[in-house]
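Below: the structure, in structure tokens.
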Protein chains: 2
Amino acid sequence: MYTMTTTTVERLVRSAQELLWERGYVGTSPKVLLERAGVGQGSMYHHFTGKADLAAAAIERSAAELREASDASLSGQGSPVARLRRYLLARREVLRGCRIGRLAYDPEVVADHTLRAPVKDTFDWLLRRLGEVVEEAQQAGELPATLDVRSTAATIVAVVQGGYVMARATGSSKSFSAAIDGLISLLEGSHPGGGTSSGPA
Amino acid sequence: MYTMTTTTVERLVRSAQELLWERGYVGTSPKVLLERAGVGQGSMYHHFTGKADLAAAAIERSAAELREASDASLSGQGSPVARLRRYLLARREVLRGCRIGRLAYDPEVVADHTLRAPVKDTFDWLLRRLGEVVEEAQQAGELPATLDVRSTAATIVAVVQGGYVMARATGSSKSFSAAIDGLISLLEGSHPGGGTSSGPA
DNA sequence: GTCTATAGTGTGATAGAC
DNA sequence: GTCTATCACACTATAGAC
């Protein structure tokens with residue numbers, strides 16, 4: 001499935017990332033994974049101790065990729081609220097769901113500390129990072145100082161994660177977009193300045 | 001696991017409901033399900049055509065229960081915004097996640113129309129019902145008429161669903177509560193009347 | 001209507017040739 | 001370092017006794 005110049009380990013990890021995203025940990029079998037990677041079983045057990053070990057490597061890679069993509073939206077140029085909008089309106093493969101968030105519903109990921117840690121760390125990081133931007137927005141007068149920073153950050157994360165769940169349940173990305181739009185309206189409506197005049201874009 | 005006066009079909013459906021909630025469809029095997037129900041394999045294949053058929057009955061029952069519980073919060077006495085608060089602050093087994101929402105991340109539920117339909121229908125119903133209450137709130141002057149009804153309803157559903165995901169990922173119900181609190185603050189902050197005086201109790 | 005026995009396939013891991 | 005062969009066990013379903 002990948003080019004011949006790609007290493008075996010690389011093919012294994014990428015296949016695991018894809019299948020964990022599509023089917024989760026309990027829904028992914030070594031057989032299907034190896035077929036997708038185009039390698040034999042021996043290679044996997046040479047480089048990893050087993051399914052869980054390979055999954056851990058794949059989850060850690062996906063977590064790092066997600067952090068990088070999120071930080072690209074939340075950092076850099078633009079006012080704090082403009083960066084929050086950029087994060088919320090970033091292009092996403094909505095119907096595939098969140099590759100990290102979906103693992104929170106996988107019983108074996110939640111039960112295994114090694115598999116769960118990168119999932120927890122990703123959410124802890126995202127909540128902290130969004131909290132920083134919310135706080136910047138308050139200091140810039142773009143959001144009311146009365147909003148609790150941590151609660152507001154949690155609401156933002158929840159809308160994105162819940163948007164994915166709704167979209168997959170209804171089979172349409174429209175419910176995702178609606179949830180994001182609703183949140184943006186609420187954030188804009190809470191401007192200290194009041195009215196509808198100071199949209200951040 | 002259930003009393004002897006419970007019928008075999010009842011025990012099968014309840015066990016399936018529990019396991020689908022805990023482990024999803026791909027993570028649930030007939031063997032474990034039958035052990036929990038305390039019945040033999042023959043009974044299950046007498047009353048149902050197989051795992052998928054039993055799962056369909058269990059999902060439909062869970063969907064009906066969820067609708068009933070949600071409507072109990074959203075209907076009845078109280079102002080529209082008070083009912084929204086009651087819905088958002090209802091007691092929930094947060095760390096178990098949403099028994100219907102979690103199925104949106106199950107690849108075989110999403111792929112099978114019979115399994116997926118009750119999941120989709122539940123979200124469609126909830127979005128519609130929340131939309132009605134949001135509209136009532138606008139007519140009562142509790143929420144600004146500028147808010148889009150469907151978007152606001154989608155945001156409310158998303159915060160609950162995303163709150164579950166965060167809580168399971170972080171291992172703490174605090175992130176769920178924070179997301180709910182953040183949403184309530186945003187809804188209150190968007191009061192047409194403006195300030196902080198008119199909280200709905 | 002319930003049970004146990006059995007079947008065929010897949011799972012996750014190991015052994016050992018090359 | 002990669003492969004195929006093989007293992008013990010679990011999965012989902014069927015058969016047939018009671």
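Every heavy atom of this structure was used, including side-chain atoms; hydrogens, water molecules and symmetry mates were not. Throughout, protein chains are lettered first and strands after them, A, B, ... in sequence-line order, and every chain is numbered starting at 1.
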Problem - Interface limits on DNA chain D, where chain A has a heavy atom under 4.0 Å of a nucleotide atom - result: dG1(D) to dA5(D)
Spacing between [X] atom [atom1] and [N] atom [atom2], to the nearest angstrom:
| X | N | atom1 | atom2 | value |
| --- | --- | --- | --- | --- |
| K31(A) | dA13(C) | NZ | C1' | 16 Å |
| H47(A) | dA13(C) | NE2 | C1' | 17 Å |
| Y45(B) | dT4(C) | OH | P | 15 Å |
| M44(A) | dT11(C) | CE | C1' | 11 Å |

Fill in the blank from the handout: By nearest-nucleotide position on DNA chain C, the 5'-leaning member of G42(A) and V32(A) is V32(A)
Which atoms form the tightest heavy-atom contact between [X] and [Y], and what is the distance?
| X | Y | result |
| --- | --- | --- |
| L20(B) | A55(B) | CD1-O, 4.0 Å |
| F48(A) | D53(A) | CA-OD2, 3.3 Å |
| T155(A) | A178(B) | OG1-O, 4.0 Å |

Problem - Sidechain N-carboxylate O distance under 4.0 Å for E10(B), R61(B) - result: yes
Problem - R85(A) and E188(A) ion-paired at < 4.0 Å - result: yes
Exercise for the section: Flag the pair R11(B) / T8(B) as yes when at least one side-chain heavy-atom distance between them is below 4.5 Å, and no otherwise. Expected result: yes
